[in-house]
There are 2 protein chains.
Amino acid sequence: MHTSFEGELGDRSAWALEHCSIAMTMDAIGQRSSILILREAFYGITRFDDFVRFTQGSEANVAVRLKHLTGLGLFTKHPYQDHGKRTRYEYVLTDKGSDLLPALFALLQWGDNYLQPEGTRPLRLEERATGEPVRIVARGASGTDLSLNDIAIIMDSNRASALTKNV
Amino acid sequence: MHTSFEGELGDRSAWALEHCSIAMTMDAIGQRSSILILREAFYGITRFDDFVRFTQGSEANVAVRLKHLTGLGLFTKHPYQDHGKRTRYEYVLTDKGSDLLPALFALLQWGDNYLQPEGTRPLRLEERATGEPVRIVARGASGTDLSLNDIAIIMDSNRASALTKNV
DNA sequence: ACCCTGACTTGATGATGTAGTAGCCAGTTC
DNA sequence: GAACTGGCTACTACATCATCAAGTCAGGGT
């Protein structure tokens, strides 16, 4: 076994779903269409019809998702006006939205490594300043890259003891 | 606009869904129950009934998901035998599965930062060797942490030109 | 020989996500 | 002021996700 809990493992079950950040995050943005919209936002897209075109989703669903993500505070709506057109709104990532960068690009990186046909690398991420490749990694304070074996998962002990054991 | 494509942006639409690693990854492991099972695997869980208990999923669905993820090569089945019991199989993460660590923990980290009630931090990730906190970050070759503004997304140009423009 | 248990499998049912079509509405063009 | 357009909403239909309940099946225990 790689990882270990420094705490009472048995008490996790009640806590697991209700307080787990991974489950909460999946419920908030886990829909495929939300992820694709966020992808386009990271690529620089801001306008409704561009989200529709590039995600190849239906207008109806993109509207629902943008409203949902805006309601969560991942996007803010900024008015703009093209020449000869009426005022529209563009959807701009907030800090809360931008902070999903590691999550989104980690999915990209894994898909590139394991799901793309051999030799394919449709997108590349570069550090703008140097042109060097960008990787998503787990890092310790010392700056080293960490793998699963290097990481301990620690549960707050007074939270652990507050849970009922319904295993 | 933060990020920019060094390439023909317009040609992306046809490519976007069929070859996008993010979409492919979501199709492979994007179901909520798959993510929760992978979470438990990272926490060290290997046995069927533990996955059921800790994800609070139905036996039926956990069986389907484990079979699916095993078929994808994220888990391998290893036989084990408890005293006085017949042989069972435990589900052990492969390298392909373990490499989802940045993706899973990035979701955890974001949820911790933005979705948890104020002052709550149910789980903490520590570097085992030093006890220092672990973070998931985008890093350049020079070792620096990068934000969206620092990253350029680059499209392979001969792939770009091969695409039909159906915008 | 019979029961029991753990790990599934099967089948029926409900919940959610997404597409498709159609319609609305504010402003812009004519 | 009539037609057009882009952005959105409403409604319907379908596919997938997930649950529940029941059944199967391979062994071990007695």
Side-chain angles (χ1 to χ4, degrees), chain A residues 16-17 20 22-40 45-72 75-92 167, chain B residues 13 16-18 20 22-40 45-72 75-92 167:
Chain A
L17 266 193
C20 170
I22 294 178
M24 293 170 74
T25 302
M26 283 301 290
D27 291 341
I29 60 149
Q31 305 86 350
R32 176 192 164 89
S33 53
S34 292
I35 295 287
L36 296 184
I37 286 170
L38 286 165
R39 176 195 71 187
E40 293 305 321
I45 297 303
T46 60
R47 298 186 178 187
F48 181 80
D49 70 324
D50 285 333
F51 283 116
V52 171
R53 289 206 339 260
F54 290 127
T55 66
Q56 296 187 5
S58 64
E59 293 186 351
N61 196 35
V62 171
V64 167
R65 292 293 155 214
L66 280 174
K67 182 168 284 190
H68 176 70
L69 294 172
T70 303
L72 286 176
F75 286 107
T76 50
K77 292 170 74 167
H78 291 184
Y80 72 93
Q81 190 162 22
D82 279 351
H83 178 66
K85 301 283 177 63
R86 70 180 147 134
T87 299
R88 303 287 181 190
Y89 293 89
E90 47 182 7
Y91 296 87
V92 179
V167 185
Chain B
S13 67
L17 266 192
E18 331 224 336
C20 170
I22 295 178
M24 292 170 75
T25 302
M26 283 301 291
D27 291 341
I29 59 150
Q31 305 87 347
R32 177 192 164 88
S33 52
S34 292
I35 295 287
L36 296 184
I37 286 170
L38 286 165
R39 176 194 71 187
E40 293 306 321
I45 298 303
T46 60
R47 298 186 178 187
F48 180 82
D49 70 324
D50 285 332
F51 283 116
V52 172
R53 291 209 333 263
F54 290 127
T55 66
Q56 296 188 2
S58 64
E59 293 186 350
N61 196 34
V62 170
V64 168
R65 291 294 153 217
L66 280 174
K67 183 167 284 190
H68 175 71
L69 294 172
T70 303
L72 286 176
F75 287 107
T76 49
K77 293 170 75 167
H78 290 186
Y80 72 93
Q81 190 160 22
D82 280 350
H83 178 68
K85 302 284 177 64
R86 69 181 147 132
T87 300
R88 304 287 181 191
Y89 292 89
E90 46 183 8
Y91 296 86
V92 179
V167 185

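Remark: Arg47(B) pairs with Asp82(B) by the side chain to side chain donor-acceptor pair (under 3.5 Å) rule, at least two apart or across chains. With sequence neighbours excluded, no residue forms a side chain to side chain donor-acceptor pair (under 3.5 Å) with Asp49(B). Taking Tyr89(B) as the reference, Lys77(B), Pro79(B) meet the side-chain contact (heavy atoms from CB on, under 4.5 Å) condition, with sequence neighbours excluded.
Side-chain contact between Tyr80(A) and Thr46(A) is absent, with no heavy-atom pair separated by less than 4.5 Å. Looking at Glu40(A) and Asp50(A), their side chains never come closer than 4.5 Å, going by heavy atoms from C-beta outward. The side-chain heavy atoms of Leu36(A) and Arg39(A), taken from C-beta on, include a pair separated by under 4.5 Å.
Interface limits on DNA chain D: the 5'-most and 3'-most nucleotides within less than 4.0 Å of chain A heavy atoms are dG6(D) to dA10(D).
Minimum heavy-atom separation, Ile45(B) to Phe51(B): O-CZ, 3.4 Å. Looking at every heavy atom in both residues, Asn61(A) comes nearest to Ser33(A) through ND2-OG, 3.3 Å. Taking both residues in full, the closest heavy atoms of Ser34(B) and Arg65(B) are given as OG-CD, 3.1 Å, listed atom of the first, atom of the second, then distance.
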Protein and nucleotides 19-21 of chain C: nitrogen or oxygen contacts under 3.5 angstrom:
from	atom 1	to	atom 2	distance (Å)
dA19(C)	OP2	Ser58(A)	N	3.1
dA19(C)	OP2	Ser58(A)	OG	3.4

Check the interface with nucleotides 4-7 of chain C: list each N/O to N/O pair with the protein under 3.5 Å, or write none.
from	atom 1	to	atom 2	distance (Å)
dG6(C)	O4'	Arg88(B)	NH2	3.4
dG6(C)	N2	Arg86(B)	NH2	2.5
dG6(C)	N3	Arg86(B)	NH2	3.2
dA7(C)	O4'	Arg88(B)	NH1	3.2

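In this structure a side-chain-to-backbone donor-acceptor pair under 3.5 Å is present from Thr70(A) to Leu66(A).
Residue order along DNA chain C, read from the 5' end via each residue's closest nucleotide, puts Val64(B) first among Val64(B) and Thr87(A). The 5' end of DNA chain C is approached more closely, in terms of each residue's nearest nucleotide, by Leu66(B) than by the other of Asp27(A) and Leu66(B).
At the heavy-atom level, Gln81(A) lies under 4.0 Å from the strands shown only through sugar-phosphate atoms.
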Mind running side chain to side chain contact (heavy atoms under 4.5 Å, CB included) on Ile37(B) and Phe75(B) for me, showing each step along the way? CA-CA 11 Å; Ile37(B) 286 170; Phe75(B) 287 107; 4.0 Å; yes
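To the nearest angstrom, C1' of dT16(C) lies 16 Å from CZ of Arg32(A). As rounded to whole Å, 16 Å separates atom C1' of dA15(C) from atom CD of Gln31(B).
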